[in-house]
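Have a look at the structure below, then the notes.
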Amino acid sequence: MNQITHEGKLKHYRISQAEYEKICSMLGRPPEGVEWALFSALWSEHCSYKSSKIHLKKFGKTLNQTVVNAEGENAGVVDLGQGERVVFKMESHNHPSFIEPYQGAATGVGGILRDIFTMGARPIGLADYLCFGNIEADRMKTLVEGVVKGISGYGNSVGVPTVTGQTNFDPAYNKNILVNAMAVGLLRPNEKVSLSAAKGPGNCVVYVGAKTGKDGVHGAAMASESFDENSEAKKPNVQIGDPYFEKLLIESCFEVLQKNLVVAIQDMGAAGITSSSFEMSSKGQVGMMIQLDQVPVRDSSIQPEEILLSESQERMLLVCEPQKFSELSQVFEKWGLDAVIIGEVIAERKVKLYWKGHCLTSIDPDLLVEKAPVYERPYHAWKSQNQTEKIHSNLQPKDYISQLISYLGSTHGTARDYICSQYDQRVGLMTARGADHDVAILRLPDSKRGLGMTVGCRPSVMKCDAQLGGFDSVFYPALQMAAKGIKTLAITDCLNFGNPEKPEIMSEFVAAVEAIRDASLILDAPVVSGNVSFYNETLGQNIISTPATGLIGLRETVAQIPEDQFQKIGSQVYLLSSVSAKMLSPYFENKKSWIGKIEPQKTGQFIQKIQKLSLLTSVLSTQAVGRGGLGVSLARMCRPGFGFQSFIEMSVADLITETFYEVIFEVDHDAQHDFETKLKAENIDYKILGKVTERTFNLSQEIHVDLLRVNQAQNKGLGGFIENLA
């Protein structure tokens, strides 16, 4: 190979010179033929986690007795007691969604669903975490419309409700949006967890599902690099999904699992048949002999490398005993899906790939899975650059009123009905609270308990401080659930960052990971699964580092859950606080400074107390004070006919400060004495802010707004922005 050809191959397969030399050392020779593609896929950042693996191991300390042992599997499993277990995970589909928004988002949903049902759990709920740029930026209207339609089109069609989510807007995402999806599945009493480790030499390797095409080839490698001016040319790397095929695949897989016809099962996700076959072999410490020309294909011209790297959707790889294949194939035939033997498990720890009788390679799967490079990227110990001793606002009351109305009517503060109204939130008949609430709650069919679901991470806090933002990505959604009487049980994450080769980005990554770990330990809520998405940058411009989280929790009943908005005229409105840090809301003051200190133990205790108080029947509504500060949170609790009258003078600084942490409680007037007795017994700092009124929204003598203006601004909705753009 001459030097030009060699450099061209390295560039095409996205392999560094150092990695190439490591491959040669392990093989005892240069890679040949399809081996280039194998190493390209499985040593990519997307598949190997080579820049994050050493830090992700820190989450191991968070695991507790509720975690069902499924190490190295597609998703985490948590025991809820009473025979019920949940399987859940969060993943990204950022790069594909920016290139082709509908298919990128749709196949992101399809992929995360397969991660769940491949473990034997029926998917019961979906959530999304979305970050878009300025709504008027180039292509942004198309991106928003396409992503939302992709999520709804796939989730609705496959019959899994999308019940919660979060949508952020910031110019930092103009050229690199984030599309993260979380799926939750349920294992009912006596249902078993399915595993992916191949075993049993002589057992059949079976391809099931849709046929293989050329879509998604090199998708894993594409997701492991930054965008440039040629990102549009990467459209062939984006998969194409079919939710109706996915529904058939779900039902057929459940049937063969329940009939005990499967030894091992794995989704063909990133890197397709390559990742599934090599990972299954490595986990089981066995080998496989694969006949690539037996793989069902959509295009007769497809070549071995394309088959290996295709990320065509709705496909699974199974291992089954030979005597059970006939029954297994009949099940898939009934559902109209392919089930084809493409190889067998062998005792020798080698994956042998054949094409029309010719052996393309015979290689130890551990070389690609376990021996992938691990990088200790340079980073520095975290020290906040924006922590200060004082924060001060010059905003005047009259200006705050206009800015409050402006915020409530902006993409940041207005209603998200445009998004959640496109989602089927009730399919499956388990949804007690859907995407029109702060926290989703699903009614578990056997125990009748409430399973809480929410997602977290405020980019505005991350922009201010990565360590503070990391803690907040766990504590704030946990507080939101606690305010509805839900105890957080476990966490998944989707860590979206820029280029890890830049020390400043890696420093933010490590600070956030360690903060998530510490918050998890304090809440006794283990981090059981997750995903890392690096290289979220375009032409050298990084996104805001965004460690999104997904939390699940439990409530003993779905009855008498506090509402999100005011419920009763004349009821008392309290502010419960546990103040550690504060920052002025960036939506009102263009500053990145914060004061105080992070007090994780104190915050964890506060969350625990809020959870208990929220179970009181006298509590009518609750809301964790979030972005925009106290004034915005009070405005969000208002609705037509239900406003607010303050009893105390609140300054503009009080209203625009985002405090870590505060919760608003609406309590029945008749229960005021009992509630305050409980607050004192729990040693919680509180203020009686005011009361619920009919027509007014008064925050102080100088800050009073027509309630109709507040309602109209919030109800403008994202749809209004979309419709007004050309």
Side-chain angles (χ1 to χ4, degrees), residues 1 6 9-10 12-50 53 72 196-207 212 217-221 224 264 266 268-295 302-311 317 319 341-374:
M1 181 190 302
H6 172 70
K9 275 201 165 185
L10 292 181
H12 176 73
Y13 289 104
R14 301 162 172 99
I15 294 172
S16 70
Q17 179 64 30
E19 289 170 348
Y20 172 78
E21 291 170 3
K22 180 175 180 177
I23 293 167
C24 293
S25 175
M26 291 192 310
L27 293 176
R29 57 173 173 78
E32 300 171 352
V34 297
E35 291 170 348
W36 281 90
L38 299 178
F39 281 101
S40 171
L42 292 184
W43 281 20
S44 69
E45 192 75 59
H46 192 69
C47 290
S48 73
Y49 293 86
K50 56 192 176 185
K53 188 175 289 185
S196 61
K199 57 184 178 181
N203 283 340
C204 302
V205 177
V206 184
Y207 173 113
T212 295
V217 173
H218 288 291
S224 305
Q266 176 75 308
M268 289 192 215
I273 198 170
T274 294
S275 62
S276 53
S277 59
F278 278 84
E279 288 173 5
M280 292 175 81
S281 299
S282 181
K283 287 175 189 174
Q285 287 297 284
V286 293
M288 283 185 184
M289 186 165 59
I290 304 286
Q291 307 284 350
L292 293 174
D293 49 300
Q294 296 301 308
V295 171
I302 196 168
Q303 295 301 302
E305 182 172 310
E306 294 170 318
I307 292 173
L308 286 167
L309 296 186
S310 170
E311 294 182 11
L317 201 63
V319 173
I341 296 174
I342 63 168
E344 68 175 285
V345 176
I346 58 177
E348 183 184 8
R349 200 179 66 192
K350 292 286 183 70
V351 174
K352 301 180 179 183
L353 302 176
Y354 288 85
W355 178 252
K356 299 180 178 177
H358 174 64
C359 184
L360 302 178
T361 187
S362 175
I363 192 167
D364 184 341
D366 282 357
L367 298 185
L368 289 108
V369 179
E370 296 297 326
K371 300 294 179 65
V374 176

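Because the structure is predicted, anything quoted here is derived from the model rather than measured.
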Measure the spacing between [atom1] of [X] and [atom2] of [Y] and express it to the nearest 0.5 Å.
{"X": "M288", "Y": "K352", "atom1": "CE", "atom2": "NZ", "result": "14.0 Å"}
{"X": "Y207", "Y": "M268", "atom1": "OH", "atom2": "CE", "result": "5.5 Å"}
{"X": "L38", "Y": "F278", "atom1": "CG", "atom2": "CZ", "result": "4.5 Å"}
{"X": "S16", "Y": "L10", "atom1": "OG", "atom2": "CG", "result": "8.0 Å"}
{"X": "R29", "Y": "I23", "atom1": "CZ", "atom2": "CD1", "result": "11.0 Å"}
{"X": "L367", "Y": "K350", "atom1": "CG", "atom2": "NZ", "result": "8.5 Å"}

Test side chain to side chain contact (heavy atoms under 4.5 Å, CB included) applied to I342 and V206, I290, D293, the passing residue: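 Among the candidates, only I290 passes.
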
Would you say that [X] contacts [Y] through its side chain, given a criterion of any heavy-atom pair below 4.5 Å between the two side chains?
{"X": "W355", "Y": "V34", "value": "no"}
{"X": "L368", "Y": "T274", "value": "no"}
{"X": "M280", "Y": "V205", "value": "no"}
{"X": "S196", "Y": "K283", "value": "yes"}
{"X": "D364", "Y": "M26", "value": "no"}
{"X": "M289", "Y": "E348", "value": "no"}

Are any side-chain N or O atoms of [X] and backbone N or O atoms of [Y], one a donor and one an acceptor, separated by less than 3.5 Å?
{"X": "E35", "Y": "E32", "value": "yes"}
{"X": "Q285", "Y": "S282", "value": "yes"}
{"X": "E311", "Y": "A271", "value": "yes"}
{"X": "S44", "Y": "A41", "value": "yes"}
{"X": "S281", "Y": "S277", "value": "yes"}

Derivation of the side chain to side chain contact (heavy atoms under 4.5 Å, CB included) call for Q17 and H6: CA-CA 10 Å; Q17 179 64 30; H6 172 70; 3.0 Å; yes

Within 6.0 Å of NZ in K53, more than 12 heavy atoms from elsewhere: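 Enclosed: over 12 neighbouring heavy atoms sit under 6.0 Å from NZ of K53.
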
What pair of heavy atoms forms the shortest contact from [X] to [Y], and how long is it?
{"X": "A372", "Y": "S48", "value": "CB-CB, 3.8 Å"}
{"X": "P304", "Y": "L360", "value": "CB-CD1, 3.7 Å"}
{"X": "V295", "Y": "I273", "value": "CG2-CD1, 4.1 Å"}

Presence of salt bridge, K371 and D366, under 4.0 angstrom: no

Side chain to side chain contact (heavy atoms under 4.5 Å, CB included) between S275 and L42, intermediate numbers included: CA-CA 7 Å; S275 62; L42 292 184; 3.8 Å; yes

Parallel, tilted or perpendicular: rings of W36 and Y20 (30°, 60°): parallel

